[in-house]
Visitor: 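Sharing a structure here in C-alpha cells format.
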Amino acid sequence: MNSKRILIFGLIFLMMTTTHVVASDLLSGIVKAQGLRKPDNILVYLTKTPDQITPPQEAFVLDQNNLTFLPHTLVIPMGSTVAFPNNDKVDHNVFSLSRTKKFNFGSYKPGVSHNVIFDKPGIVELRCDLHSEMISYILVMKNSYFALTDKKGNFSIDVKGLAQGKYTLKTWHEKLTNSKLALELPAAVSQKAIINLKRGAPGVLYK
Amino acid sequence: MLTFMKSKIIRVILIIFLFFAAIGLPRFFKEISGENKTHVIELVAGKYGYTPERIFVNKGDTIIVKPTSKDVTHGFLLDGYPVEFIIKQGGIAYQKYEWEDDAGKLQADWDKVTEIEFTADKSGKFIFRCTQVCGNLHPFMTGELIVAPNTLYYTMIFLSIWVVISLFLWFGSGRRPLQKKGKTLNLFDIIPGLKWLMKRRSFQFFLLFPGFVIFYLFIIASLKGSPVGNHNIAIIIVWILWWFLLKSVFVPLGGRLWCMICPLPAPAEWISRKAFTAVRFIKKPIKGNHHKYTGLGLDWPKKLRNMWLQNIIFLLMISFGIILITRPVATATMFLLILAATLVMAFIFRNRVFCLYLCPVGGFLGNYSMASTTALRVIDKDVCKKHKNKCCLKGSPDGWGCPWNQYPGTMDRNNYCGLCTECVKTCPENNVGFFLRPFGSDRTVKDYSEMYNILIMLVVAIAFSITMLGPWGFIKAAANITESRQIYPFLIYIGVLYTMSLGVFPGIFIFLSRLSAKFAGYKGDVKKLVLQLSYMLIPVGIFAWIAFSLPSIMVNYSYVLNVLSDPLGYGWNIFGTANVSFNPFYPEIVPLIQGLLLLTGLYFGINRVYLSLTGLIADPSKRKKAILLPGFFALAVVNIFLKLYLG
Ligand code: SF4
Ligand code: SF4
Ligand code: SF4
C-alpha cells in the first residue's frame with residue numbers, strides 16, 4: 001500500500017469524525033447498574049467545568065403525596081428554591097440533617113407548603129419523622145452539565161458551549177458507589193459512554 | 001386368530017396415534033391473535049384473598065399491577081416469575097429485586113413502588129401467594145394468573161380422554177387385560193429379619209412410642225405455643241407433614257400402615273390389656289377369647305358394624321376443616337376428644353371399636369388400603385381351614401387375638417386389618433405373611449357405607465381444593481366461621497358440602513351405574529354391581545388426594561423447617577432453621593405433576609374396575625359396556641380437578 005493512499009484514507013476518516021463532532025452537542029451514554037431494580041434516577045454529571053450557574057426564578061417542587069416524596073431524586077442548580085407542599089391526606093414533617101443544608105419544618109398539615117433555598121452544592125437527604133419509610137434526595141449542582149438516567153439507564157448531557165478540553169464524568173446514586181470517567185471534549189461526544197456501576201455506599205458529589 | 005392379532009395391532013396403533021393427537025392438538029389453541037396488550041390490574045389484597053381473584057392475559061402481554069391492601073400488610077409472590085412484593089394500605093408496595101454480587105452471592109433489596117410491571121412471557125397457570133403472615137388463613141391466601149395459551153391444561157384434558165378411550169380400545173382387543181392376576185411377594189421371604197422383628201412382642205410398641213411422646217408434646221404445644229397456626233409445630237407437622245405423608249406415602253404403600261404406629265388409641269389399648277407389650281392369656285376362653293380385658297367387654301351393636309358413623313363423624317370434622325388446620329387449639333381439642341373417645345369405647349366395648357367404627361381417619365384409610373401395595377394375609381388358606389385353635393382370632397400365649405375382630409384365615413381385603421401384627425405372633429403355623437402386591441389388588445366394595453365413604457372422600461378433596469387451594473376469598477371466609485362470624489355463608493358452605501357428598505355425587509353415580517347395568521344387559525344383583533363399580537373411584541380419589549397434598553409440602557416446607565427450630569413460636573432457633581424464608585420449591589411444575597397424578601388415578605380406576613368385574617360379568621364386551629358410564633363419571637371428576645389445578 002503506498003503512502004498516498006494512506007493519507008487519503010486518513011483524511012476521509014478525519015473528515016468523518018470532525019463532521020460528527022460538529023453535528024452534536026449531546027454527551028450521551030448508558031449506565032448499567034448492578035443491584036438496582038432499574039437503572040433510573042442515577043445522576044451523571046461533569047466536573048472540572050467552569051463553575052457558573054444561574055438558578056431559575058421559579059421554585060422547584062418536591063411534592064408529598066400518598067406517603068411518598070416526589071420526585072425521588074431532585075437535581076437543582078445551586079441557589080435554587082424548592083417548595084415542599086404537603087399534598088397528602090395526612091400530616092408530614094420534612095427534615096434534613098445533611099451538612100449541605102440542615103432544616104426541620106416540624107409536622108405540618110395537608111395544604112401547607114414550605115420553601116428552602118439551597119445555596120451550597122452537595123447532597124441533601126430528606127426524611128419525614130412521621131413516616132420512616134419516606135425518603136428523597138436533593139442534589140445541588142455547581143454547574144448545569146448534568147442529567148438523570150431514564151428507566152433504561154440512558155442519559156444525555158447538553159455540553160454546548162463547553163470549551164475543548166479534559167473533563168471528568170461522575171455518577172451518584174444513593175445505593176451505588178461513585179464512579180469517575182476522564183474524557184475529552186469534543187471527541188467524547190461522538191461515542192456513547194458506557195458506565196458500569198456497582199452496589200455500595202456512595203460518596204460525596206464534590207470534594 | 002389372525003383377525004384377533006390384526007385388530008389388536010390396529011388398536012395399539014390407534015392408541016399410539018391418539019396419544020400423539022392428544023399431545024399435538026392443544027398446540028393449535030394459540031392465543032387470540034392480535035397485538036400484545038397492556039393490562040392494568042388494580043389488585044386489592046384483603047384477608048384472605050385478592051380481587052381480582054384470577055387474572056387472564058395472553059402470552060407476551062404487559063401486566064402493570066397497582067396493588068393496595070384493605071386491611072393488614074399482605075404479600076405477593078408469583079410462581080414461576082421473579083415477581084415479589086409486599087402490599088401496604090394506601091397503594092404502597094415494596095418490590096423485591098435480586099442481583100448477584102461480585103462474590104457470586106445472591107443479594108436482595110426492596111424498593112418502594114406504586115406499581116409493578118412485568119411481561120407475561122411464560123404461558124400456563126401461575127399462582128400468587130401471600131408472603132406476609134396476615135392471619136389464621138394466611139397460608140391459603142392465593143390468586144391466579146392465567147397466561148393463554150394454557151397448553152398444559154388442554155393437553156391434560158385431551159390426555160384424560162385419551163386414557164379412557166385407550167383403555168376401552170385395549171379391553172376391546174379381547175386380549176389379556178393389563179395385570180390380570182397380580183403377583184404377590186411375601187416380604188418375609190425377601191427382607192431378612194422382618195419376620196423376626198414383627199414376631200417380637202414389643203415391635204408395635206417401639207414403633208408407636210416415639211410418635212406417642214411427640215403426640216403429647218404436640219398437644220402441649222397446641223395449647224401453650226403460638227396461637228398462630230403456621231408458627232405452631234403441632235399445626236405444621238400434623239397438617240402439612242403428616243397429612244402429606246399419610247396421603248402420599250402411607251396410603252399408597254400400606255393403607256393402614258399408619259394404624260400400626262398410630263398413637264391415638266394406644267393408651268386405651270394398654271389399659272384394656274393392662275399391659276404395654278405382654279400377653280395375658282387365660283386357658284378358659286371368655287366369649288371365644290383367651291383374654292380378659294378391662295371394662296365391660298361388650299360387643300359393638302350389629303346394626304352399627306359399618307362405616308356410617310365414621311362417614312358422619314368425618315363430614316362433621318371436615319365441616320370445620322379449615323379451622324382445624326389453622327387453629328392449634330382446635331387441633332388439640334380434636335385430639336383430646338379422640339383420645340377420650342378411645343378410652344370410653346375401650347371401657348365399654350371389646351377391642352378396637354373406635355378404630356373400626358368411629359375413627360374419621362380410619363374410615364378412608366380402610367377403604368383406600370384396598371388399593372395399597374402391601375397386605376397382611378395368610379400364606380396358605382388351607383392351613384387355616386385345618387387349624388383347630390384359630391389362635392389368630394382367639395389369642396394365644398404368644399399374642400392377643402385380633403384386636404380388630406378379623407379372622408386372617410378368610411380375610412381377603414385390607415379394610416379392617418389394623419396391621420397390629422398380633423396374628424404374625426400368634427399363628428403357631430407361621431402361616432401369616434406380609435405381602436407386596438400390585439396397586440389396586442383388593443377390589444370389592446361390600447356395602448353402601450363403604451361406597452358413600454369413597455364418594456365423600458372425593459367430594460371433600462374437591463371441596464378442599466376449592467377452599468384451601470383456590471383463589472376465592474369469599475369461600476374461605478364462609479368456611480372460616482370462627483373468624484368471619486357469619487353464620488349463613490357457613491351454613492351454605494356446609495350445606496353444599498353435604499348435599500354434594502351425600503346427595504348429588506352418589507346420586508349421579510348410582511344412577512349411571514344402574515343405567516349401565518341395563519346397558520350391559522346385566523341380570524344379577526344390581527346393588528352388587530353398583531358397589532363394585534364404585535371401586536373405580538378409589539384410585540381416582542387416592543391420586544387426587546396426593547395431587548391435593550403435594551403443593552402443601554412443596555410450597556410450605558419452609559414452615560416445617562421453621563417450627564422444628566422454634567416449636568412453640570417463642571422465638572427459639574434450635575437448629576438454625578427458624579428463619580428459613582418462605583420460598584416455594586419449584587411451584588411452577590406443581591400443575592404438571594398434579595395433572596400426571598390425576599391421569600394415573602384415572603388409569604388405575606378404570607383398569608382395576610374392569611378386572612374386578614370379571615366375577616360378576618363374564619362377557620368382556622358386556623363388562624366394557626357396564627363401565628362405560630361410570631367411566632365417564634370418573635373422567636368428569638378428574639376434569640373437575642384438572643380445571644381446579646390447571647385451568
Ligand atoms: S383407626 Fe384411627 S385411631 Fe385407630 S389406629 Fe387408625 S388412625 Fe389411629
Ligand atoms: S392361627 Fe395361623 S393357621 Fe391358624 S387360622 Fe390363624 S392364621 Fe391360620
Ligand atoms: S389381622 Fe388382626 S391381628 Fe392380624 S395384623 Fe390385622 S388387625 Fe392385627
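Every value quoted in this text rests on a predicted model; they were computed, and no experiment measured them. Reminder, nothing fancy here: chain letters follow the sequence lines and each chain counts from 1.
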Visitor: Is the number of heavy atoms from other residues, nucleotides or ligands within 6.0 Å of CZ (B:F585) greater than 12?
Guide: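 Count not over threshold, so no.
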Visitor: Are B:Y94 and A:E133 side-chain neighbours, meaning at least one heavy-atom pair lies under 4.5 Å?
Guide: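 They are in contact (side-chain heavy atoms under 4.5 Å apart), so the answer is yes.
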Visitor: Can you name the closest pair of heavy atoms from A:Q34 and B:D101 and give their distance?
Guide: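 Residues A:Q34 and B:D101, closest heavy atoms: NE2-CA, 3.6 Å.
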Visitor: At what distance, to the nearest 0.5 angstrom, does CG of A:L36 lie from CG of B:D111?
Guide: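 Nearest 0.5 Å value for the CG-CG distance: 7.5 Å.
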Visitor: Does a donor on one side chain and an acceptor on the other come within less than 3.5 Å for B:Q107 and A:R199?
Guide: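 The answer is no; no qualifying pair exists.
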Visitor: Heavy atoms, side chains only, cut-off 4.5 Å: are A:R37 and B:V113 in contact?
Guide: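 Counting from C-beta outward, A:R37 and B:V113 do come under 4.5 Å.
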Visitor: For the CZ atom on B:R54, are there more than 12 heavy atoms of other groups (residues, nucleotides or ligands in this structure) within a distance under 6.0 Å?
Guide: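 Yes, the 6.0 Å shell around CZ holds more than 12 heavy atoms from other groups.
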Visitor: Less than 4.5 Å to any heavy atom of chain A: does that hold for the side chain of B:E100, its backbone, both, or neither?
Guide: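 It is the backbone, since no side chain atom gets that close.
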Visitor: Taking atom NZ of A:K152 as the centre, does the number of heavy atoms from other residues, nucleotides or ligands within less than 6.0 Å exceed 12?
Guide: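 Atom NZ in A:K152 is not packed in, count stays at 12 or less.
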Visitor: Could you check whether atom CZ of B:F118 has more than 12 heavy atoms from other residues, nucleotides or ligands sitting under 6.0 Å from it?
Guide: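 Check passes, neighbour count above 12.
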Visitor: Does any backbone or side-chain atom of B:E117 lie under 4.5 Å from a heavy atom of chain A? Answer side chain, backbone, both or neither.
Guide: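 It is the side chain, since no backbone atom gets that close.
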Visitor: I need the B:T114 OG1 to A:N65 CG distance, nearest 0.5 Å.
Guide: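 Taking OG1 in B:T114 and CG in A:N65, the distance rounds to 10.5 Å.
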Visitor: Who among B:E98, B:K88, B:K112 has the most heavy-atom pairs with chain A under 4.5 Å?
Guide: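 Answer, by heavy-atom pair count under 4.5 Å with chain A: B:K112.
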Visitor: Indicate yes or no for a side-chain donor-acceptor contact from A:N66 to the backbone of B:G90 under 3.5 Å, with no hydrogens or angles considered.
Guide: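 Judged by distance alone, yes, a pair lies under 3.5 Å.
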Visitor: Measuring heavy-atom distances to chain B, does A:K89 have an atom under 4.5 Å in its side chain, in its backbone, in both, or in neither?
Guide: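 Contact with chain B involves no heavy atom of A:K89 at all.
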